[in-house]
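Let me begin by presenting the structure, written as C-alpha cells, before commenting on it.
Atoms within each ligand, like the ligands themselves, are counted from 1 in listed order.
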Amino acid sequence: MTVSRRNVLQYGSMAGLTLAASSLPRFAIGQTAKIKIGVMLPFTGTYAALGEQGLNGLKLALQANGNRLGGREVEIVTLDDEADPARAPANATKLIKGDNVDVLYGTVHSGVVMGMVKVARENDTLLVIPNAGAGAATGPMCAPNIFRTSFSNWQPAFPMGKVAYDKGYRTAVVMSWKYGAGEESNGGFKEGFEALGGKVIKEIYVPFPDVEFQANLAEIAAAKPDCVYVFFAGGGAVKFVKDYAAAGLKQSIPLLGAGFLTEGTLEAQGEAAEGLLTTLHYADGLDLPTNKKFRADYKKAFGKEADLYGVQAYDSGMLLVTGFGAVKGDTRAKAELYAAMGKTVLDSPRGPISFSASHNPIQDIYLRQVKKGQNVVLGVAQKAVADPARGCKMQA
Ligand code: PHB
C-alpha cells in the first residue's frame, strides 16, 4: 500500500486526531514532496546562450515526462553563475543548504563546475553536469554522485590531432582562453597530433573572457604554422572566427577547433566560418530519428533551433528520468539511484551513449565542416571515444 502524506493528513483529520507532521513516516513525506533541481548556469556573459540551451533542454526532457521524476513533481530553482569560478562554491552551497535541492545541475564553465564538484562531494548531493568538460570532474575528483552527460575537454580535441596530421599538417599553433577548458582542449589536440609526429610550436593563452585577439593573430601570422587549433565558445567564438578571417589568416593558415567554435554561433559568424573543420560529439544535421524529433520538439517549445548545449541538457533530463524512475522517486535510495544512472544507455540525439566507470559519456566524435552556414558531418573522426579518466579511482 502506498500512503501519501495527504492521505495520512486527511485520515488524521477525519478521525479527529491531531497528528504532528514530525510523527509522520519520513518515507510518506518524501514521496509526495517535489523533487527540487538546483540549476546553476551562466545566463549572462559570453556563455549566456549556452546557459539558455542548458536550461531549455532540461525542461524539454522533464516536460516529456509530465514534469515528474519517479512519479514526483519537479521544481526547478535557477541561479546565474555568471561563469565565475570564484563564486561557485558559495552558489552551490546556497542551492543545497538554502534551497534544499535534491539535485544539483550545471554548468557550462570548467572552473565553475569544479566548485560544484567540491560541494556536491561534501554533501553527497547528486550532480549532473550538462556541459563543463573539466577532466578532473570524471578524473581525480570522480565520485559515485557525479555524472556528466556532455564530454571531457580531452574528448572532442584528441581526434582532431589525427585529422590534422592526415591532412598533411606537421606544425600547429594552439590558442585559447587561459583556463581549464582551453588548456585541456589544446592538450588533447597536442597529444593526438604529436603522438603521430606533429609538433605544436606555440601555445597562446588570453584571459577569460577577453576578446581582444589582434596581437595574438599577428603572433600566429609570424609563426607560420601549417594549421591553428583553438578552443573558443559562445560569444568569444563568434569574435575569434570573425577576427581570424578579417586578419586574412583564413586563406593562408587553416583554422581547426573543437566543435564549440561553430556551435550555436554560425549565424553570427556568417561567411567567416565557411569551410572550417571541427570535431564534436554532435551536429545539427545528424540523420537520426531521435535527433529529428528532438530538434522539432525543441523548436516548437522555444521557437529557436537547438544546438549541442540543448542536446546535452536534454540528455541530462533523460538520465534523471531513468535514474529516479528506477528508485520510484525515493531520493534517499542514493546507491540504487547512482547505480541505475551509471547503467543507463541513452538514445541521445547525438546517437546512443553509455557511461564509463567514471560517469562520463562514451561517444563517437564526428568530423564536421561548415557549409552554407551548417555544420555538415563529413564522417566519424573516432568511434566510441572514452575519456582516459586519468586519476579516477572509482570502479563501475
Ligand atoms: C568549459 O568551460 O568546460 C566549456 C565551456 C564552453 C564550451 C565547452 C566547454 O562550449
Side-chain angles (χ1 to χ4, degrees), residues 40-55 57 81-88 105-117 127-139 141 146 148-158 160 174-189 205-211 229-241 257-266 268-269 273 276 278-284 306-313 315-316 350 360-361 363 365 368 375 387:
M40 254 177 84
L41 287 167
F43 295 116
T44 50
T46 204
Y47 287 159
L50 290 64
E52 183 187 322
Q53 292 254 342
L55 179 58
D81 67 35
E82 300 172 49
D84 181 359
R87 291 222 290 281
Y105 171 88
T107 183
V108 167
H109 185 287
S110 274
V112 177
V113 95
M114 289 319 298
M116 298 176 77
V117 163
L127 168 62
V128 177
I129 306 170
N131 185 69
T138 56
M141 297 292 279
I146 294 168
R148 176 157 52 201
T149 58
S150 50
F151 57 89
S152 73
N153 291 319
W154 181 91
Q155 266 180 314
F158 178 80
M160 186 51 108
V174 298
M175 178 168 170
S176 189
W177 282 308
K178 181 145 191 64
Y179 84 102
E183 289 165 338
E184 291 175 2
S185 183
N186 288 350
F189 169 78
Y205 290 101
V206 296
F208 176 86
D210 282 9
V211 290
Y229 172 90
V230 297
F231 168 90
F232 286 108
V238 172
K239 178 77 167 34
F240 184 84
V241 165
F260 315 109
L261 188 65
T262 57
E263 200 57 30
T265 55
L266 287 174
Q269 288 162 334
L276 294 189
T278 62
T279 38
L280 198 67
H281 46 292
Y282 181 67
D284 294 356
D307 59 34
L308 168 76
Y309 308 104
V311 170
Q312 296 172 158
D315 288 344
S316 302
R350 75 190 94 168
N360 192 66
Q363 53 197 340
I365 301 295
R368 321 167 331 149
N375 287 299
D387 181 79

Ser150 versus Tyr309, side-chain donor and acceptor atoms under 3.5 Å: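 There is no such pair (donor and acceptor under 3.5 Å, judged by atom type) between the side chains of Tyr309 and Ser150.
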Per-residue contact class, Val113 against ligand 1 - non-hydrogen pairs under 4.0 Å: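 For Val113, no heavy atom sits under 4.0 Å from ligand 1.
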Option from Tyr282, Phe231, Phe260 for which ring pair (Phe, Tyr, Trp, His ring centres under 6.0 Å) with Phe151 holds: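 Of all the options given, the one that passes is Phe260.
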Among protein heavy atoms, which lies nearest [atom], and at what distance?
atom                    : result
atom 10 (O) of ligand 1 : Tyr309 OH, 2.7 Å
atom 3 (O) of ligand 1  : Ser110 OG, 2.6 Å
atom 4 (C) of ligand 1  : Val108 O, 3.3 Å
atom 2 (O) of ligand 1  : Tyr179 OH, 2.5 Å

Ring geometry between Tyr179 and Trp177 (parallel below 30°, tilted from 30 to 60°, perpendicular above 60°):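 Because their plane-to-plane angle lies in the 30° to 60° range, the rings of Trp177 and Tyr179 count as tilted.
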For [X], the ligand 1 atoms whose distance to one of its heavy atoms is below 4.0 Å:
X      : value
Ala132 : 3 (O)
Asn153 : 3 (O)
Ala233 : 6 (C), 7 (C), 10 (O)
Asn131 : 4 (C), 5 (C), 6 (C), 7 (C), 8 (C), 9 (C)
His109 : 2 (O)

Partners passing side-chain contact (heavy atoms from CB on, under 4.5 Å) against Glu184 (at least two apart in sequence or in another chain):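 Glu184 satisfies side-chain contact (heavy atoms from CB on, under 4.5 Å) with Asn153 only.
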Any residue meeting side-chain contact (heavy atoms from CB on, under 4.5 Å) with Glu183, in chain and number order, not counting sequence neighbours: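 Glu183 satisfies side-chain contact (heavy atoms from CB on, under 4.5 Å) with Lys178, Tyr205 once adjacent residues are dropped.
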Backbone of Gly259 reached by a side-chain donor or acceptor of Arg368 within 3.5 Å: yes
Test item: Arg148 side-chain N/O and Ala132 main-chain N/O as donor-acceptor pair under 3.5 Å: yes
For atom 6 (C) of ligand 1, the option (of Phe232, Tyr47, Phe260) bearing the nearest heavy atom: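 Looking at heavy atoms only, Tyr47 sits closest to atom 6 (C) of ligand 1.
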Heteroatom proximity flag, Phe231 to ligand 1, N/O under 3.5 Å: no
Gap separating the CG atom of Asp81 from the OG1 atom of Thr107, nearest 0.5 angstrom: 3.5 Å
Tyr47-Phe208 aromatic ring centre distance below 6.0 Å: yes
Leu50 to ligand 1, any heavy atom closer than 4.0 Å: yes
